[in-house]
Amino acid sequence: MRIGLLTEGGYPYVSGDARLWCDRLVRGLEQHEFDIYALSRSEHQEDEGWVQLPPQVGRVITAPLWTAEDDGVVYGRRARRRFAESYGELASALCEGAVGDTSGESSATEADRFANALYGLAELARDEGGLVGALRSETAVRALERACRAPGARQTARAARVPELLAVAGHLERALRPLSLDWYEDDGLGAVDLCHATSGGPAALPGLLAHHFCGVPLLVTEYGVRLRTHYLADTESPPAVRSLLTAFHGRLATETYRRAAVVTPGNTHARRWQERCGADRAKLRTVYPGMDAARFTEVGESAECVDPDALVWVGRIEPAKDLISLLHAFAEVRKEEPKTRLRIVGAPTGPEGAAYLGHCKALAAQLFPDEAEGLHAVGDNPVCFEEIGGPEVPTLADAYASGAVTVLSSVVEGFPITLVEAMFCGRATVSTDVGAVVEVIGGTGLVVPPRNPKALAEACVTLLRDPERRERLGAAARARALELFTVEQNITAFHGIYLEIVSHTPVRRVVLDNTGEPLPFAAPAEAHVPGRWTEHSTRVVARGGPGWAAGPPVRATPPFAAPEGATG
């Protein structure tokens, strides 16, 4: 079948967020053809280029989210009225009702208003163009202001002033840029059998429009729920801005889940967020991320470690990882087990991460002064900060092999990738109870509350003193990881979901013979099986709105037709 893979800031770019799992998925499903529709986040990302693509990628179509050019179209009276009505409805849906409340008749009404407004703007962009300029216009700001001042608007929305309204209008313009793309013709997304959005938010918008205009089924995969990301990231905006933008992301998530044929959260934690935003439980299929276990095989099959008295932490260095609590916990561990060492392996993330790393190093020097065995010996600190590629830890597998216990101390976590890597290596783990940690561990490691250095220290001491228990937990963890979190299980799950969705999707093309008469059974189920079944003997008319061009030819001569000369 032909899959339209929708990405935002990810595959096929070299620096894409979801590059690895998307690349593994495409390469693993070589029996299908993939068209990639990619939204880029920055000019720098585009300049870095793409990863090497496999032959099953038919084409790659890209569009920037970081900029949008006005096409210069000036709306006439009728188009201005259409825009004002649709944008006003969109703004009203954001200002009224309780954000995140998916129960009750009022919530369904607001969801319908948002959806009608969204598709109304998309249809205006398809018919007239000029949507980028309209979203930046004073008309948009005034419509947003009227919605905020209208009776029934939330108190936080009513408090919005002109600077806040301009900020919200600017964000909406950027978020709605996919509505203006020319991807929704029958020779674009209308020609695929299935749209697979690799995240919610902007990446799902083209899938929604392909479903709206062409009836293409939509599959949505979320390993990190976009609404949750917005909650965590937007901490400095004024309350009115946060309220309106949260409402927008919540309404968009609700519409995405409602129109999707199947939604695949990456874990139960993400699934709960999706259910809160209105996702139907019958549509949800949990599919864990697929990770490469081969590079950890050697370490996982060996029970030996470089230092049986060492704790290892691996990951990106940033405040959410709470290394401060880890260092205080390690101070308690040293009181019970003076020989213990702590290895922190990772690189800082951005300027904030670099500043946090400096703070952690200063705290480590304060808590653990360099210790020397004699007057003329060089002092040695029990805490060391390292990066992958150094002489001590040349590879990621070496990092996990360097200690007896792997520690995760985060206060915020989605799917804990480093924890799964430690499980592949057969390491016993101590983790904080955040995100999907408990679901991933499944009883093969110790879990403690976040921001609790004393509990973290007690769990670490327990495992350091019991080598046999460490070995049992490590073996169980490795077996669980190999069963649930490998690339093979991920590919198998998506292959089955693709077939399930397509098997329940009506044929969207009417096949005509040379006289213009329809052929009712000319597109059999075998048309989705790879290979050339038939000849170019028919033409195709797409079922769509007026004015839409015909889709690509379908080889629809029935494969079981009698050969020439055959008799009944």
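The basis for the numbers below is simple: all heavy atoms, side chains too, and nothing from hydrogens, waters or symmetry mates.
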Visitor: Under a 3.5 Å threshold, yes or no: a donor from one side chain and an acceptor from the other, between His212 and Tyr184?
Guide: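 Checked: His212/Tyr184 side chains show no N/O donor-acceptor pair below 3.5 Å.
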Visitor: Is Arg27 salt-bridged to Asp23, cutoff N-O under 4.0 Å?
Guide: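 Salt bridge present between Arg27 and Asp23.
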Visitor: Cut-off 3.5 Å, side chains only: do Thr198 and Thr7 have a donor facing an acceptor?
Guide: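 No, no side-chain donor-acceptor contact under 3.5 Å.
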Visitor: Could you tell me whether Glu255 and Arg259 make a salt bridge, using a distance below 4.0 angstrom between a side-chain N and a carboxylate O?
Guide: yes
Visitor: Check this for me, if you would: do Arg41 and Glu8 make a salt bridge, where the nitrogen-to-carboxylate-oxygen distance has to be below 4.0 angstrom?
Guide: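 Looking at Arg41 and Glu8, the cut-off is met.
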Visitor: Evaluate the ring-ring contact (aromatic ring centres under 6.0 Å, His included) criterion for residues Phe34 and Tyr11: first the C-alpha distance (whole Å), next the side-chain angles of each, then the deciding distance (0.1 Å), finally the verdict.
Guide: CA-CA 12 Å; Phe34 286 84; Tyr11 191 68; 8.8 Å; no
Visitor: Do you see a donor-acceptor pair shorter than 3.5 Å between the side chains of Ser40 and Glu46?
Guide: yes
Visitor: Give the intermediate values and the outcome of ring-ring contact (aromatic ring centres under 6.0 Å, His included) for residues Phe330 and Phe368.
Guide: CA-CA 10 Å; Phe330 184 61; Phe368 313 102; 5.2 Å; yes
Visitor: Students often mix this up, so state it plainly: with edges at 30° and 60°, are the rings of His196 and Tyr498 parallel, tilted or perpendicular?
Guide: perpendicular
Visitor: Can we say Arg427 and Glu421 salt-bridge, meaning some charged N sits less than 4.0 Å from an Asp/Glu carboxylate O?
Guide: no
Visitor: Report, one line per pair, each donor and acceptor closer than 3.5 Å where one atom sits in a side chain of residues 286-294; sequence neighbours left out.
Guide:
| residue | atom | partner | partner atom | Å |
| --- | --- | --- | --- | --- |
| Thr286 | OG1 | Arg271 | NH1 | 3.3 |
| Tyr288 | OH | Glu439 | OE2 | 2.7 |
| Asp292 | OD1 | Ala294 | N | 3.1 |

Visitor: Is it the case that the side chain of Lys283 and the backbone of Arg258 share a donor-acceptor pair, with hydrogens and angles ignored and the cut-off at 3.5 Å?
Guide: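 It does hold such a pair.
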Visitor: Counting C-beta onward and ignoring hydrogens, is there a side-chain heavy-atom pair between Glu332 and Lys454 closer than 4.5 Å?
Guide: no
Visitor: Can we call the ring centroids of His249 and His171 under 6.0 Å apart?
Guide: yes
Visitor: Evaluate the criterion salt bridge (charged side-chain N to carboxylate O under 4.0 Å, His left out) for residue pair Asp309 and Arg341; output intermediate values, then yes/no.
Guide: CA-CA 6 Å; Asp309 296 318; Arg341 299 177 60 82; over 6 Å; no
Visitor: Are Thr256 and Val263 side-chain neighbours, meaning at least one heavy-atom pair lies under 4.5 Å?
Guide: no
Visitor: Counting only heavy atoms from other residues, nucleotides and ligands, does the tally under 6.0 Å from CD of Glu352 exceed 12?
Guide: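 Open.
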Visitor: Taking atom types as modelled, find out whether Glu48 and His44 have a side-chain donor-acceptor pair closer than 3.5 angstrom.
Guide: yes
